Amino acid sequence: MNRALYARRRLTNGIFLFLSLSAAAVGMGWLGLILTTLVMKGAVGFSTTVFTEITKSPGSNGGLANAIGGSLIMTSIAVVVGTPIGILAGTYLAEYGRDKAHAFVVRFVNDILLSAPSILIGLFIYEILVRGRPYSGIAGAVALAVIVVPVVVRITENMLLLVPNTLREAAAALGTPRNFIIRTVTWRAARAGIVTGVLLAIARISGETAPLLFTALNNSGWVNGIEALRQPMASLPAVIYFYAGSAYDDWHQLAWEGALLITLAVLTLSVVARFFESRRY
Amino acid sequence: MVDATLTENLASTSRGAALRRFGRSDSRFRALTGAAALLVVIIFVGLIATLAYGAWPAIKAFGFGFLTSTAWNPVTEHFGAFPAIYGTLVTSAVAMLIALPIGIGIAIFLTELCPRSLKRPIGIAIELLAGIPSIVYGIWGLFIFAPFFQQTIEPWLIAVFGNLPILSTLFAGPPFGVGIFTAALILSIMILPFISAVTRDVFETVPPTLKEAAYAIGCTTWEVMWNVVLPYSRAGVVGGAMLALGRALGETMAVTFVIGNSHHINGSLLSPGTTISASIANEFTEALGDLYIPALIELGLVLFGITFIVLAVAQIMLYRLNVRAGGGSR
């Protein structure tokens with residue numbers, strides 16, 4: 001009787017462990033397959049012209065220089081605009097609004113924005129900055145900034161909450177005003193974590209495509225100077241999108257190379273972010 | 001830096017004046033952070049308001065019928081959201097059906113089965129994969145998966161299920177390669193690392209003493225997972241799954257290339273369809289006429305409504321988990 005029960009339990013356990021193991025194998029194998037294909041397709045015929053030539057008509061050996069440049073410009077502006085707002089709002093939630101009802105609303109709204117479909121951010125900025133005007137690089141940058149803010153808010157709050165209260169109390173006991181405590185004690189203690197958050201935000205927006213389609217759109221040329229921000233601007237994800245959907249083999253090849261570049265950039269950023277995270281305290 | 005400023009302040013003025021100045025700088029700083037927090041709410045409200053404003057002509061023209069109509073005719077300007085809503089819900093549901101068991105399986109593998117030396121590398125790999133931009137999955141689906149699917153798996157599915165009731169409708173041919181099922185498969189691969197990462201985090205909140213106690217009275221690994229870990233972390237797993245669902249519902253780039261972009265509903269999972277985000281991405285920049293763009297924006301508003309409900313439930317589940325895990329008021 002007992003023997004049968006034990007045998008059955010062992011069998012159930014064995015089946016379950018096998019299923020879990022195969023789930024892991026299937027999942028990891030499939031993801032590995034995608035990455036392998038990406039590297040193989042992207043690395044074939046990869047040359048430096050990708051970085052030196054701008055996008056050209058099919059068959060004339062174009063590169064992705066303007067797309068890379070556009071991505072860098074819009075990402076930089078988005079980070080410069082979005083990060084301070086995110087850090088300040090996160091600070092409010094962690095330092096002033098811990099148990100307040102209105103802070104709960106901000107937190108909730110922020111978490112919704114964090115996971116809201118990014119294509120809706122694109123429509124939002126289209127309505128505000130683009131409708132009736134030409135597509136522009138600045139609209140793309142603002143759309144990306146709107147995505148940066150909730151990411152930075154979330155991580156800033158989490159990191160500040162990890163700072164032990166005894167640190168704040170020790171500073172307060174010396175008579176330090178609250179804003180000095182925040183700026184010189186808690187921000188400093190949470191610095192590595194906040195840097196991680198900003199890096200993750202950069203990783204997130206560098207691959208965003210949907211919000212750029214209705215804001216910055218694309219530009220096959222390169223515009224110099226500040227004027228570039230007032231005109232449509234190419235970006236790596238948008239160029240991949242348009243090239244992959246085209247009918248030309250060399251554009252497909254460039255799309256693969258662009259996808260490989262983005263993936264490498266995102267993975268590098270994530271790894272660097274992990275490095276900062278592990279240095280917390 | 002603190003000391004220098006403080007000493008300077010105290011030395012140069014009377015104590016009371018210095019304290020007043022500190023008080024002012026405190027309230028200024030507080031107002032600044034509060035304004036940033038308010039801006040987050042303004043962005044949220046602004047998002048809803050602008051979408052509603054942009055969609056207004058379509059809302060006025062089609063009313064509630066927009067949600068149930070299957071028309072999509074840019075020439076006569078008749079638009080209905082039903083095929084797009086149907087495609088969005090079906091692709092996400094199928095994707096969740098596939099990704100949830102596998103994702104939870106990976107999480108169980110990582111928390112209970114994996115050798116200690118592999119735990120960290122695999123865990124990190126999963127988290128890194130969760131960050132890969134969706135357009136990468138999109139072009140992989142377009143160039144590699146869809147052709148492969150069309151030539152091998154779809155004919156097989158059609159042949160195998162062709163004579164069975166219900167399944168023969170779900171898997172009716174011809175094999176297009178692109179379609180609802182292909183999109184769902186790509187989506188499931190995309191949300192897989194996300195589900196695993198969240199579920200693993202949730203499993204790790206289970207106090208080791210609970211698991212050790214169960215093992216100590218002779219439970220098998222399966223019994224510990226089923227009777228201790230899962231009940232304890234249920235809210236978190238559901239919350240994580242809802243977050244993943246929210247992603248799947250709004251995903252654009254992984255879907256757009258492989259969905260087929262057809263506003264016709266066909267019972268077969270293998271037939272081309274469309275989702276809300278795919279319709280917007282494909283048609284927005286080429287939309288002409290007075291109602292086309294408003295109709296697409298109204299689609300966006302519908303998508304926002306759906307994802308808002310899903311994400312709100314997810315957040316509430318996860319907050320409850322945090323409270324129980326001793327996260328204080330958060």
Side-chain angles (χ1 to χ4, degrees), chain A residues 9 12-13 16-17 19-21 23-24 26-27 30-31 34 37-38 85 88-89 91-93 96 98-99 106 108-113 115-117 119-120 123-124 127-128 146 149 153 176-180 184 203 207 209-210 213-214 217 237 240-241 244 252 255 259 262-263 266-267 270, chain B residues 1-2 22 25-26 29-30 32-34 36-37 39-41 43-44 47 50-51 53-54 101-102 105-106 108-109 113 124 128-129 131-133 135-136 139-140 142-144 189 192-193 220-222 243 246-247 250 252-253 257 277 280-281 284-285 297 300 303-304 307-308 311-312 315 329:
Chain A
R9 286 177 57 201
T12 321
N13 192 45
F16 153 77
L17 293 189
L19 286 179
S20 155
L21 204 65
V26 167
W30 210 333
L31 291 164
I34 294 183
T37 331
L38 178 68
I85 299 173
L88 287 172
T91 305
Y92 180 82
L93 291 180
Y96 294 112
R98 280 202 191 178
D99 293 308
V106 176
F108 181 78
V109 160
N110 187 69
D111 285 347
I112 298 279
L113 281 179
S115 324
I119 193 165
L120 299 180
L123 289 180
F124 172 44
E127 280 290 320
I128 294 180
V146 170
V149 171
V153 171
T176 320
R178 189 75 185 265
N179 71 83
F180 275 90
T184 56
T209 318
L213 291 182
F214 327 129
L217 197 64
I240 296 173
Y241 174 72
H252 292 171
I262 288 195
T263 309
V266 169
L267 289 182
S270 315
Chain B
M1 193 179 110
V2 187
F22 287 153
S25 77
D26 260 354
F29 186 74
R30 188 187 171 130
L32 185 67
T33 59
L39 188 63
V40 174
V41 181
I43 290 175
F44 181 78
L47 175 62
T50 43
L51 286 185
Y53 175 78
I102 300 182
I106 294 178
I108 292 174
F109 171 77
L113 301 175
I124 292 175
L128 291 182
L129 287 169
I132 290 186
I135 187 148
V136 173
I139 73 167
W140 184 80
L142 173 69
F143 291 129
I144 309 288
I189 303 170
L192 186 62
T220 61
T221 311
W222 161 244
L243 276 187
R247 278 197 155 194
T252 313
M253 289 305 142
F257 286 129
S277 50
I280 301 174
F284 196 85
T285 44
I297 292 179
L303 176 63
F304 187 80
T307 46
F308 179 82
L311 293 175
Q315 296 311 338
S329 60

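In the text below, chain A, chain B and the rest are named by the order of the sequence lines, each starting its count at 1. If you're wondering where the values come from, they're calculated on a predicted model, not measured in any experiment.
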Toward chain B, the part of Leu17(A) with a non-hydrogen atom under 4.5 Å:
both
Proximal component of Leu142(B), with respect to chain A [non-hydrogen, under 4.5 Å]
side chain
Heavy-atom contact with chain A under 4.5 Å, split by part of Leu51(B):
side chain
Region of Leu38(A) that comes under 4.5 Å of a non-hydrogen atom in chain B
side chain
Side chain, backbone, both or neither: which part of Thr252(B) has a non-hydrogen atom closer than 4.5 Å to chain A?
side chain
Ring-plane angle category for Phe180(A) and Phe22(B), please: parallel below 30°, perpendicular beyond 60°, tilted otherwise.
perpendicular
Kindly write out the residues that satisfy side chain to side chain donor-acceptor pair (under 3.5 Å) with Ser25(B), not counting sequence neighbours, or none if the list is empty.
Asn179(A)
Which residue out of Gly34(B), Pro101(B), Gly131(B) racks up the most heavy-atom pairs below 4.5 Å with chain A?
Gly34(B)
Heavy-atom pairs under 4.5 Å with chain B - which of His252(A), Glu127(A), Arg9(A) has more of them than the others?
Arg9(A)
Given a strict heavy-atom distance threshold of 4.5 Å, which part of Val106(A) is in contact with chain B: side chain, backbone, both, or neither?
both
Region of Ile280(B) in contact with chain A, defined by heavy-atom distances below 4.5 Å:
both
Using side-chain contact (heavy atoms from CB on, under 4.5 Å) as the criterion, list what pairs up with Ile124(B), not counting sequence neighbours.
Arg274(A), Arg120(B), Leu128(B)
Under 4.5 Å from any heavy atom of chain B, what part of Thr37(A) do you find: side chain, backbone, both or neither?
side chain
I'd like to verify something: which residue of Gly27(A), Ala210(A), Gly207(A), Ala23(A) has the highest number of heavy-atom pairs under 4.5 Å with chain B?
Ala23(A)
Given the side-chain rings of Tyr241(A) and Phe257(B), with only the six-membered ring counted for Trp, is the space between their centroids under 6.0 Å?
yes
So which part of Ile108(B) gets closer than 4.5 Å to some heavy atom of chain A, the side chain, the backbone, both or neither?
both
Please flag which part of Leu47(B) lies under 4.5 Å from any non-hydrogen atom of chain A: side chain, backbone, both or neither.
both
Chain A contact via Leu113(B) - side chain, backbone, both or neither, heavy atoms under 4.5 Å
side chain
Name the option with the most non-hydrogen atom pairs under 4.5 Å to chain B; the candidates are Ala259(A), Ser115(A), Ala116(A), Ser270(A).
Ser115(A)
Which bit of Ala203(A) comes within less than 4.5 Å of chain B, counting heavy atoms only: side chain, backbone, both or neither?
neither
Using 30° and 60° as the class limits, which term best fits the ring planes of Phe214(A) and Phe284(B): parallel, tilted or perpendicular?
tilted
Quick one: of Val266(A), Ile85(A), Thr91(A), Ile112(A), who has the most non-hydrogen atom pairs under 4.5 Å with chain B?
Ile112(A)
Tell me, for Arg247(B) versus chain A, whether the close heavy atoms (under 4.5 Å) come from the side chain, the backbone, both or neither.
neither
